[in-house]
Amino acid sequence: MEFILVEPNYAKHIALVRLNRPKELNALNLQLMNELRDSLKALDEDDEVRVIILTGNERAFAAGADIKQMSGRSAIDMLKIDQFSTWDQIRKTKKPIIAAVSGFALGGGCELAMICDMIVASESAKFGQPEIKIGVMPGAGGTQRLTRAVGKARAMEMVLTGNFISAEEALKYGLVNRVVPEELYLMEALKLAKDIADKSPIAVQMAKESVNKAFEMPLQEGLFFERKNFYMLFASEDQKEGMAAFIEKRTPEFKGK
Ligand code: CAA
């Protein structure tokens, strides 16, 4: 891997994935996205890993798709290369992904953070969909996920002006989970990851899947899907352990079985 650093044992049951193209502000070229897809797939298949943290560096989470790589392409090139199909695979990751964002999260960088399940931001984080400034528009979820996250009025303004919002604004609008000083953002993401990693990984994955269905299904179907997942969890040892531990007044030990 050239542009992605992976620490599968960053902490107990927690992996860290770092976008690592710092000179280009982690611009998301095809190779980086392929490496990211492959790393996430490998971590998703690793039973030791329960939660994944995705981060960049202090200056940039990612400043968007690689403009230099895309600039000369024709529409047919874009269709053939279909660079955003990688993103569909990333979205299918079953384990929760926490984006730890500092600095720029722009264009594809903002969209990548939004594919994650939660966002912990540093005070220096800036979110935006500036594609309009270079004659295009968001192509990896910016018009859809941002609108669902912050509402039509704010999304429309961000997408049509290309202006950035601060971490505090992103918190106020519901785009991020929390904002902390820059020196603490990774630690805060780790704290959140630990809080999830000690739960049943099967229940966590099914709960993640169910919450995501809220954006894809009508309410009745979503409720039905949720109910099926709830019933299905009674096939797990973790359900027996979790409920026994409650009754016996002890801490449960979940095994992911
Ligand atoms: N693609 C390619 N290279 C990029 C890049 C990008 N998205 N963003 C930054 N870089 C490169 C710059 O070209 C520069 O490289 P050189 O040193 O070789 O010139 C290096 O990273 C550092 O950037 P700047 O000198 O511009 O740094 P700055 O602090 O002055 O500005 C910035 C930072 C405001 C983020 C500015 O770099 C910028 O506006 N970047 C582009 C943001 C953007 O438009 N993103 C959307 C891309 S399209 C997209 O993402 C489509 C989609 O929906 C997926």
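Both ligands and their constituent atoms are indexed starting at 1 by order of listing.
Residues in residues 107-117 take part in these side-chain hydrogen bond (donor to acceptor under 3.5 Å, both in side chains) pairs, two or more places apart or across chains: D117-K208.
Ligand 1 has no nitrogen or oxygen under 3.5 angstrom from a nitrogen or oxygen of P130. For the pair A65 and ligand 1, the shortest N or O to N or O distance falls below 3.5 Å.
With respect to atom 5 (C) of ligand 1, the closest heavy atom belonging to the protein is A27 CB, 4.0 Å. Given atom 8 (N) of ligand 1, the protein heavy atom at minimum distance is A63 CB, 3.5 Å. Protein heavy atom nearest atom 36 (C) of ligand 1, with residue, atom name and distance: L25 CD1, 4.7 Å. Closest to atom 4 (C) of ligand 1 among all protein heavy atoms lies E24 O, 4.0 Å. Looking only at protein heavy atoms, the nearest one to atom 48 (S) of ligand 1 is E131 CG, 3.7 Å. At the shortest separation from atom 1 (N) of ligand 1 among protein heavy atoms lies I67 N, 2.9 Å.
From R73, atom CZ reaches atom CD1 of I81 across 3.5 Å, with rounding to the nearest 0.5 Å.
Protein heavy atoms are found inside the 4.0 Å sphere centred on atom 42 (C) of ligand 1. Inside a 4.0 Å radius of atom 39 (O) of ligand 1 there is not any protein heavy atom. For atom 30 (O) of ligand 1, no protein non-hydrogen atom is found at a distance below 4.0 Å. For atom 25 (O) of ligand 1, the nearest protein heavy atom lies 4.0 Å or farther away. In this structure, atom 50 (O) of ligand 1 is in close contact with the protein, since a protein heavy atom lies within 4.0 Å of it.
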Inset, instruction - Start with the C-alpha distance between K172 and E169, add both sets of side-chain angles, then the distance that settles salt bridge (charged side-chain N to carboxylate O under 4.0 Å, His left out), and finish with yes or no. - result: CA-CA 5 Å; K172 199 167 73 186; E169 285 170 305; 5.8 Å; no
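Atoms of ligand 1 found under 4.0 Å from any heavy atom of P138, numbered from 1 in the order shown, are 53 (O). Heavy-atom proximity to K68, at under 4.0 Å, picks out these atoms of ligand 1: 12 (C), 13 (O), 15 (O), 16 (P), 18 (O). Heavy-atom proximity to G108, at under 4.0 Å, picks out these atoms of ligand 1: 49 (C), 50 (O), 52 (C), 54 (C). Using a 4.0 Å cut-off to heavy atoms of G139, the atoms of ligand 1 that qualify are 52 (C), 53 (O). Atoms of ligand 1 lying under 4.0 Å from any heavy atom of F84, numbered from 1 in the order shown and given with element: 52 (C), 54 (C). Proximity to E111 (heavy-atom distance under 4.0 Å) selects the following atoms of ligand 1: 52 (C), 53 (O), 54 (C). In summary, the atoms of ligand 1 found under 4.0 Å from a heavy atom of L106, numbered by their order in the structure, are 35 (C). Close contacts of ligand 1 with A140, meaning ligand atoms under 4.0 Å from a residue heavy atom, involve 53 (O).
Of the residues E123, E188, E168, the one that meets the salt bridge (charged side-chain N to carboxylate O under 4.0 Å, His left out) test with R178 is E188. For the side-chain contact (heavy atoms from CB on, under 4.5 Å) test with L171, the passing option among I119, I165, V179 is V179; the others fail.
In this structure, K213 forms a cation-pi arrangement with F225, its terminal cationic atom sitting closer than 6.0 Å to the ring centre and no more than 45° off the ring axis.
Between R154 and E157 there is no salt bridge, since no side-chain nitrogen of the basic residue lies less than 4.0 Å from a carboxylate oxygen of the acidic one. With respect to the salt-bridge test (charged N to carboxylate O, under 4.0 angstrom), the residues R21 and E24 qualify.
Ligand 1 has K23 within reach: a non-hydrogen atom of the residue lies less than 4.0 Å from it. Using a 4.0 angstrom heavy-atom cutoff, R59 counts as in contact with ligand 1.
In K194, the NZ atom is not crowded: 12 or fewer heavy atoms of neighbouring residues, nucleotides or ligands sit closer than 6.0 Å.
For A214, there are no side chain to side chain contact (heavy atoms under 4.5 Å, CB included) partners, not counting sequence neighbours.
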